[in-house]
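Beneath this line is the structure, given in structure tokens, with notes to follow.
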Amino acid sequence: MRLNQHLTRLARKAMQEAFGLESPEPDLRVATDPRFGDYQINGVLPLAKQLKGNPRQLAEKLVAALDFDGACLPPEIAGPGFINLRLDPAWVGQQVGRIAVDERLGVEEQNPTQSIVVDFSSPNVAKRMHVGHLRSTILGDSLVRTLRFLGHRVVGDNHVGDWGTQFGTLIWSFKQGHDAILLEQDPLGELERLYKHGSERARESAEVAEEARQELSRLQAGDPENKALWERFVGLSRRDAESLYDRLNVSFDSWKGESHYNQVLPALVERMVAQGLAREDQGAIAIFYGDHPELGDKPFLVRKKDGAFLYATTDLATLEERLEHYDPDRIIYVVDVRQSLHFVQLFEAARLLGMAQNGHPRLEHVGFGMMLGQDGRPFKTREGGTVTLAALLDEASERVYPKVAERYPEANHDELHRLAEQVGIGAVKYADLCQHRTTDYRFDWEKLLAFEGNTGPYLQYSLVRTRSLLREHLVRFGSEFEPVAGELKLEEPEEKALAVELLRLGDVLDRVAEHLTPHLLCEYLFGLGRCYNVFWDRCPILKVEIPDSVRRRRLTLSAGVARAFEIGLSLLNIPALERM
RNA sequence: GCGCCCAUAGCUCAGGGGAUAGAGCAUCUGCCUUCUAAGCAGGUGGUCGGAGGUUCGAAUCCUCCUGGGCGCGCCA
């Protein structure tokens, strides 16, 4: 079910008939005010000039041609030429009865399906994951899940930063002396310490800097000792990252780091030079964009004067391989918005190279803003250091523990610990996802861990309450409730309003997939929760005096709400709990 | 210097050229002998940074200004 899409199609047909237009835009959307009905058609107004008509008369003409096949009550014309649509409760009851207990809440897979690559998370080797990786990981994971739910063939690729000049420094430092025990106990801590030590020394001494460069060239030349060290660093880093991914319940279909593309880089650059696309300048090789309005003065460096390659080169090689392996319709890069320029350059280079022409595949940079502390400055520890992801999740869990302990006193310590972890991580994820991705977001423990308001815990609780209601039926009536199989005879306005909300999920997910903005799903789920609370307040369910048929209807609606939350939370990858 | 992004209620933020700009939090008033009050109903609170322009219609599009953030060839 795609309610908006369905109504739009019918409205467009009527516009074609009424106005003789080929492909008119009904601009049908959810009504701005409940007094205007459920949906409104705004598309008549812009046509007034084009058709040289009075918008209200045009609206009348359209209304005469509209046929929603029973979905809507007779449309009304309002204001300068809006057409207000009220869904027929009987039709809504029929539709919601069909989808309420459906596994997918009636959201069909897209047809045709697409092949999509999502490039996200991308931690660096020898560095602990920190809050800077959080948004890419959470956003990317949610996008993968949403696109996959819609039926697309999605490859989530972790493009790990496992190659680059820093390894010369790290190897040099390692050889100077390392703490074998620490490397065992806290590998990433020791690697970070070694790197820091090495880069400090290299800054002080040109000799050291030169030695580090030599270690790097030995690594690049395939020196067995350095290669073994590099592999060890990569392995340790991967294990560390995996433990965080386990905690976040995030996984990847592919895990190809930058090093994977090393071998093809020289030939790629040579080819670009031969094609006249790249040329030498001041010793380096760069792609120049001629008189491109935005990039004319911004060359894209693909080889340094010392012969080393850059991430521009790797990204082009990566793109080429993805085209070959996946024949993608979309490639989505979930990377900090500060790298916008890089992606404009990359996508333009891809176009010039013939890798992406006429917008196929769609190359999309899903940029996101920074995580700020309450003071509005970049999020740091009290001492001004980087906050590691592990520490952030630990703190979330610790802060939540007393809250769940207070609310769920029957649970033992282990259960509470598990719950605190799931609520804490869900809260951190939700805080990140519920805001438009391009805006910087202000991290505030009090706000994001609150059990009231637009938060993760609130949504988790909404599902818990719905599930507990369905369980409670068994306790009170001695049997599982039987969902209504066919049409629901919706009587109360709150029942209809809730049912209409349930029919909207498919439209919302389509928009999330189109714009790559999970906050729309968050907004929807929060709105559904509020809608359900109103329903809950006005429409008693388990009370003995409620007739059986009414109870079954309301429980069926509740089951639909539970399903919507289950689907929504799973797409946001926020734990769905049985009780809390 | 050039470029990109941002400025909406006390705070944090939504807002697809369309009707009287919304939500959460905060604050104030009602509502728990009734399925979990983690809630519901309502009130207070706005020159949508400023000035022009386009349009039947602008928070939204264009220009300029102010204030803030970020980026701009050998890191990623």
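All values derive from a computational prediction rather than experimental measurement. Below, chains carry the letters A, B, ... as their sequence lines are ordered, and counting in each starts from 1.
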Separation between the [atom1] atoms of [N] and [M], rounded to whole Å:
{"N": "B/A7", "M": "B/C48", "atom1": "C1'", "answer": "10 Å"}
{"N": "B/A14", "M": "B/U55", "atom1": "C1'", "answer": "26 Å"}
{"N": "B/G1", "M": "B/U44", "atom1": "C1'", "answer": "49 Å"}
{"N": "B/U8", "M": "B/G15", "atom1": "P", "answer": "14 Å"}
{"N": "B/C70", "M": "B/C64", "atom1": "P", "answer": "23 Å"}
{"N": "B/G53", "M": "B/G17", "atom1": "C1'", "answer": "15 Å"}
{"N": "B/G42", "M": "B/C5", "atom1": "P", "answer": "40 Å"}
{"N": "B/G16", "M": "B/C11", "atom1": "C1'", "answer": "27 Å"}

Can you tell me the pairing partner of [N] across any strand shown, Watson-Crick or G-U wobble, with both distances under 3.5 angstrom?
{"N": "B/A14", "result": "none"}
{"N": "B/C32", "result": "none"}
{"N": "B/A9", "result": "none"}
{"N": "B/G1", "result": "B/C72"}
{"N": "B/U63", "result": "B/A51"}
{"N": "B/U27", "result": "B/G43"}

Classify the nucleic acid contact of [X] as base, sugar-phosphate or nothing, counting any heavy atom under 4.0 Å across all strands shown.
{"X": "A/Y311", "value": "base"}
{"X": "A/E446", "value": "nothing"}
{"X": "A/V344", "value": "nothing"}
{"X": "A/T32", "value": "base"}
{"X": "A/K298", "value": "sugar-phosphate"}
{"X": "A/R538", "value": "sugar-phosphate"}
{"X": "A/D440", "value": "sugar-phosphate"}
{"X": "A/E258", "value": "sugar-phosphate"}
{"X": "A/I546", "value": "nothing"}
{"X": "A/S468", "value": "base"}
{"X": "A/R476", "value": "sugar-phosphate"}
{"X": "A/P55", "value": "nothing"}
{"X": "A/D315", "value": "nothing"}
{"X": "A/A450", "value": "nothing"}

Is it the case that the base of [N] and the side chain of [X] share a donor-acceptor contact (distance under 3.5 Å, atom types as modelled)?
{"X": "A/Y461", "N": "B/U36", "result": "yes"}
{"X": "A/E452", "N": "B/G39", "result": "no"}
{"X": "A/Q435", "N": "B/A14", "result": "no"}
{"X": "A/N84", "N": "B/A19", "result": "yes"}
{"X": "A/R35", "N": "B/U20", "result": "yes"}

Among [options], the nucleotide that comes nearest once only the side chain of [X] is considered:
{"X": "A/K49", "options": "B/C35, B/U55, B/G73", "value": "B/U55"}
{"X": "A/F526", "options": "B/G24, B/G18, B/A14", "value": "B/G24"}
{"X": "A/K304", "options": "B/C74, B/A19, B/C35", "value": "B/C74"}
{"X": "A/R530", "options": "B/C40, B/C35, B/A14", "value": "B/C40"}
{"X": "A/L301", "options": "B/U36, B/A76, B/G73", "value": "B/G73"}
{"X": "A/F36", "options": "B/A76, B/G73, B/A19", "value": "B/A19"}

I need the [atom1]-[atom2] distance between [X] and [N], as an integer number of Å.
{"X": "A/H342", "N": "B/C75", "atom1": "NE2", "atom2": "P", "result": "14 Å"}
{"X": "A/Y441", "N": "B/A7", "atom1": "OH", "atom2": "P", "result": "19 Å"}
{"X": "A/Q339", "N": "B/A76", "atom1": "CD", "atom2": "P", "result": "11 Å"}
{"X": "A/R338", "N": "B/A76", "atom1": "CZ", "atom2": "P", "result": "16 Å"}
{"X": "A/R465", "N": "B/A37", "atom1": "CZ", "atom2": "P", "result": "6 Å"}
{"X": "A/L433", "N": "B/A14", "atom1": "CG", "atom2": "P", "result": "13 Å"}
{"X": "A/L265", "N": "B/A76", "atom1": "CG", "atom2": "P", "result": "11 Å"}
{"X": "A/R437", "N": "B/C13", "atom1": "CZ", "atom2": "P", "result": "17 Å"}

Kindly say if [X] contacts the phosphate of [N], meaning a side-chain N or O under 4.0 Å from OP1 or OP2.
{"X": "A/W536", "N": "B/U36", "result": "no"}
{"X": "A/K447", "N": "B/A26", "result": "no"}
{"X": "A/R442", "N": "B/U12", "result": "yes"}
{"X": "A/T439", "N": "B/A14", "result": "yes"}
{"X": "A/N454", "N": "B/A23", "result": "no"}
{"X": "A/H436", "N": "B/C6", "result": "no"}
{"X": "A/R377", "N": "B/G69", "result": "no"}

- Indicate the ring-plane relationship of A/F443 and A/W445, choosing parallel, tilted or perpendicular according to the 30° and 60° boundaries. perpendicular

- A/R201 to A/W172 six-membered ring, cation-pi geometry met (6.0 Å, 45°): no

Identify whether the distance between the nearest side-chain nitrogen and carboxylate oxygen of [X] and [Y] falls below 4.0 Å.
{"X": "A/E491", "Y": "A/K496", "answer": "no"}
{"X": "A/E210", "Y": "A/R213", "answer": "yes"}
{"X": "A/E495", "Y": "A/R553", "answer": "yes"}

- side chain to side chain contact (heavy atoms under 4.5 Å, CB included) with A/Q40: of A/I83, A/T32, A/V30, only one passes, and it is A/T32

- Task: Verify the stacking flag for A/F82 against B/A19: centroid separation must be under 5.5 angstrom and the ring planes must differ by under 30 degrees.
- Result: yes

- Task: Verify the stacking flag for A/F451 against B/A38: centroid separation must be under 5.5 angstrom and the ring planes must differ by under 30 degrees.
- Result: no

- Task: Answer whether the closest heavy-atom distance between the side chains of A/R29 and A/Y39 falls below 4.5 Å.
- Result: no

- In terms of side-chain heavy atoms, does A/Y261 have a donor or acceptor partner in A/D315 at a distance below 3.5 Å? no

- Query: Which way is the base of B/C61 turned, syn or anti, if we draw the line at 90° from 0?
  - Reply: anti

